[in-house]
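Remarks on the structure that follows.
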Amino acid sequence: MTRDEILDYLQGKDDAGLFAGARAVRHEIFGDEIYLRGIVEFTSFCRCRCNYCGLRAPNDEVFRYRLTEAEILDAVDELAALGLPTVVLQGGEDPHYDGAFIGRIVRSIKARHAIAVTLSLGERGAETFSHWRECGADRYLLKMETLNEDLYGTYRPGCDFHQRLAGVRSLQRLGYEAGSGIITGLPGMTLETLADDILAVTDLSLDMISAGPFVPHPQTPFGTENPGDPQIALRTMAILRLLNPHANIPATSALETVREEGRKQGIDAGANVLMFSVTPATVRKNYAIYPGKNQETRTAAHTVQNARELIRSMGLSPSSSLGGSKVLEKRAG
């Protein structure tokens with residue numbers, strides 16, 4: 001697909017054909033299976049100053065929390081009891097949790113459960129990434145938000161674009177199933193820069209790719225900006241599916257926040273993964289990276305049951321498999 005063709009689709013040239021094509025490709029690679037992931041967001045502290053994120057370090061209005069080792073493992077136990085085959089350990093870039101602590105958590109999870117462990121903890125350096133891989137971590141998500149170096153500096157002041165990109169490549173060399181992603185509709189982003197982002201993230205040959213719409217947070221410098229158009233986010237997901245047929249692509253929580261039945265529409269646009277929070281209810285709503293995030297007050301069991309029912313209602317199957325990388329399978333085979 002050329003850049004001009006991507007732009008045509010982003011502008012709404014043929015939504016019906018685009019989404020149908022993305023579903024067909026997903027079915028060819030994954031059959032009817034939709035993978036399930038449970039997220040434990042164990043810290044809302046962050047050292048970064050990202051202009052779009054409610055957890056940014058200068059925000060003194062957000063409630064900060066840190067889960068203990070026992071609380072993290074209890075949440076993972078609940079996730080495993082619900083039959084979820086993957087846990088995503090996620091948090092702000094919080095140096096309070098050092099490499100040894102996270103490594104111990106990963107080892108404990110692997111000793112207790114036959115599940116996959118994904119980490120999403122920001123930049124930690126190749127040595128720490130290597131240690132966590134040795135401890136048993138299977139996957140790592142390090143989002144770029146944009147592959148445009150100038151815009152990256154605007155969105156993530158004080159952060160180094162090339163260092164973060166090198167981190168993604170380091171994860172791939174270490175044998176992780178590596179993931180990254182973009183936010184559509186961020187201030188200053190045009191359809192042209194989004195098209196370039198789609199091509200650049202495709203060039204990375206990732207195992208996991210996420211794309212969700214920008215949701216402004218009132219306690220950030222971008223708080224008065226317009227939200228991202230969810231339709232453009234859906235088009236982006238579908239294009240990514242066509243260009244990256246074997247990648248795991250989630251229907252993001254941001255879609256559900258900005259549009260009713262957003263996750264259902266994400267699956268209709270070619271997504272093959274659903275992710276939802278199993279963070280303890282006492283702190284879940286405080287992981288407020290954007291308004292509306294984690295506002296579900298019902299139990300994790302209820303959320304998981306609803307997700308499975310949604311998948312079945314679409315004629316698809318909620319998978320109990322680990323949902324490993326088809327990219328790696330294709331590369332090896």
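- Side-chain atoms of Arg241 come within 3.5 Å of backbone atoms of Gly270 as a donor-acceptor pair (strictly under, hydrogens ignored).
- Using a 4.5 Å heavy-atom cutoff, the side chains of Arg37 and Thr118 are not in contact.
- In summary, the side chains of Asn248 and Asn272 do present a donor paired with an acceptor at a separation below 3.5 Å, with no hydrogens or angles considered.
- With rounding to the nearest 0.5 Å, the separation of CG in Asp94 from CZ in Phe45 is 7.0 Å.
- For the residue pair Ser170 and Tyr140, no side-chain donor N or O sits within less than 3.5 Å of a side-chain acceptor on the partner.
- For the atom pair CG (Leu55) and OH (Tyr290), the distance works out to 11.0 Å, reported to the nearest 0.5 Å.
- Checked for salt-bridge contact, Asp229 and Arg235 miss the test: no charged N lies under 4.0 Å from a carboxylate O.
- Between the side chain of Glu256 and the backbone N or O of Gly262 there is at least one donor-acceptor pair closer than 3.5 Å.
- Under a 4.0 Å N-O distance rule, the pair Glu93/Arg164 qualifies as a salt bridge.
- Proximity of a side-chain donor or acceptor of Arg49 to a complementary backbone N or O of Arg56 within less than 3.5 Å is not detected.
- The shortest distance between side-chain heavy atoms of Ile6 and Leu199 falls below 4.5 Å.
- Of all heavy-atom pairs between Glu145 and Leu186, the closest is O-CD1, 4.3 Å.
- Residue Gln11 qualifies as enclosed at atom CD: its count of foreign heavy atoms under 6.0 Å is above 12.
- With a 4.5 Å cut-off on side-chain heavy atoms, Leu89 and Ile109 count as touching.
- Here the CG-CZ distance, from Leu174 to Arg169, works out to 14.5 Å after rounding to the nearest 0.5 Å.
- Asp207 has no carboxylate O lying under 4.0 Å from a charged side-chain N of Arg139, or vice versa, which leaves the two without a salt bridge.
- In terms of modelled atom types and a separation under 3.5 Å, the side chain of Glu225 and the main chain of Pro187 share no donor-acceptor contact.
- Under a 3.5 Å cut-off, the side chain of Asn59 and the backbone N or O of Gly54 do form a donor-acceptor pair.
- At least one side-chain heavy atom of Trp132 sits less than 4.5 Å from a side-chain heavy atom of Leu121.
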